[in-house]
There are 2 protein chains.
Amino acid sequence: MAQPDTVTRILDTAEVLFAERGFAETSLRNITSKAKVNLAAVNYHFGSKKALIQAVFARYLDPFTERFHAALDALEAEYAGRVIPLEVLLETMAKTVLDVPAERNSLKVFMRLLGLAYSQAQGHLRRYIQDHYGSVFSRFTDLVRQATPELPEAERFWRLHFVLGTVIFTLSGLDALRDIAEKDYGEHVSVRDLIRRLRPVVVAAMNAPLPDPASDSLPAAV
Amino acid sequence: MAQPDTVTRILDTAEVLFAERGFAETSLRNITSKAKVNLAAVNYHFGSKKALIQAVFARYLDPFTERFHAALDALEAEYAGRVIPLEVLLETMAKTVLDVPAERNSLKVFMRLLGLAYSQAQGHLRRYIQDHYGSVFSRFTDLVRQATPELPEAERFWRLHFVLGTVIFTLSGLDALRDIAEKDYGEHVSVRDLIRRLRPVVVAAMNAPLPDPASDSLPAAV
DNA sequence: TTACGTTTAAAACAGCTGTTTACCAGCTCG
DNA sequence: CGAGCTGGTAAACAGCTGTTTTAAACGTAA
């Protein structure tokens, strides 16, 4: 059995270690020794550790954006100008997210990486993701806007991030939570189980009644 | 006005740097030089970097658990055996969380730390928090159980973590999100604003309809 | 074959990491 | 007085970090 490409071996090993321990806690020597690759190969092929991190993300996000754009194209064609319901939009996103890493059976890794990217407050990664993949997100939020015309602009913005928090937080900490759930409720949950549970919660969150107008601070722009 | 204690100076500086850059990315030399304290002082007073990290958390969590227990005591006395409504429980928790760091005006730091603690998949911190502060959480979930008798055990467990994800995720990434919101919607949000927006969403999420039993509207992959 | 660019290998690089050591100031108490 | 303690200091420790350098092996084309 021919070993995969050196570049591929590095990426495969790096994404697992990054997901397990974080970026700063994973050294290039950890990666290269486990991948059975020479240390210098990383700098030769990727240039730097930062670039390697970005490459790990790109390997997930590039196919994701491509398929998500395609899925949205299909939806817009199907609905032919009519408003796409919110549930359909959310379902489509979930399907695409689940679909992309399925080939490598590594949804867990993907979600952990997203969680890490978010919890890295400052730095190159957030900028990189924003710059390279912000447009897909914009397109999605535009469609969500059309699907929820009754929501004020700012409210929709915040609610989208609320549910984003729920999903990333839950799926990125899945292993730890699953251990607790299994111990306390003797119930083994799969990722698919979890998404089934997430759906009604997310929909309810987006459709929640508007908050009371601010009482102890300036009223929001109405 | 005399400089604060060496121990306090270390803690004050450490919590800010940890919140800004994470634990691994913050060296003891970063902390001690900014705090104008000798490098060895950290190991002298705390023993190790790990212990310093735990001490930073303890300074928030110890007062929090104390007040939260007190607040729950008051609630149980007030309701005298009757079921405490879910909204009241959530409101009480929010108030306590807001109350604790108000003295140092550092709610933001507190939430960032919680987010970091959660995104650290493995390691000492999760164990430490679980061991030292798990009992308050258990008491709270017991009360939530009584307030939501219609929810299956496992469903309630997951929904609590869903909303926990929303809150921690949003508040710990507050600065970045606030910048976007301000730029796009010209609206400045305070933490209190955000909690006002969070309330109906969280309540709706907890009260969402139960998911379809193991339906398969999602493609079967994996 | 020679020649060439690509890929791997091992070693060295300077710099930073957490921790420990040895020492000193100032204090209290016998 | 000196012993003993506490808090603070500078220096050194061994080890790991990302990156670069040097050398060798490789496959392919002339």
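Keep in mind it's a predicted model, so treat the numbers as computed, not measured. By convention in this document, chain letters (A, B, ...) are assigned in the order of the sequence lines, proteins followed by strands, and residues within each chain are numbered from 1.
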Can you tell me how far [atom2] of [N] sits from [atom1] of [X], to the nearest Å?
X       : N      : atom1 : atom2 : answer
A/Leu39 : C/dA10 : CG    : C1'   : 10 Å
A/Lys36 : C/dA9  : NZ    : C1'   : 17 Å
A/His45 : D/dG18 : NE2   : P     : 18 Å

Let's see if you can work this out: which of [options] has an atom nearest to the side-chain heavy atoms of [X]?
X       : options                : value
B/Asn30 : D/dG8, C/dT21, C/dT17  : C/dT17
B/Tyr44 : D/dA12, C/dA9, D/dG7   : D/dG7
A/Ser27 : D/dT19, D/dT17, C/dT17 : D/dT17
A/Leu28 : D/dG8, C/dT19, D/dG18  : D/dG18
B/Asn43 : C/dT19, C/dT8, D/dT19  : C/dT19

Subject >> Ring centroid separation B/Phe64 to B/Tyr133 under 6.0 Å >> reply: no

Original post:
Touch check for A/Thr32, heavy atoms < 4.0 angstrom, all strands: base, sugar-phosphate only, or nothing?
Top reply: nothing

Original post:
Given side chains that start at C-beta, do those of B/Glu91 and B/Arg199 come closer than 4.5 Å, heavy atoms only?
Top reply: yes

Subject >> Contact nearer the 5' end of DNA chain C, comparing A/Val37 with A/Arg29 >> reply: A/Val37

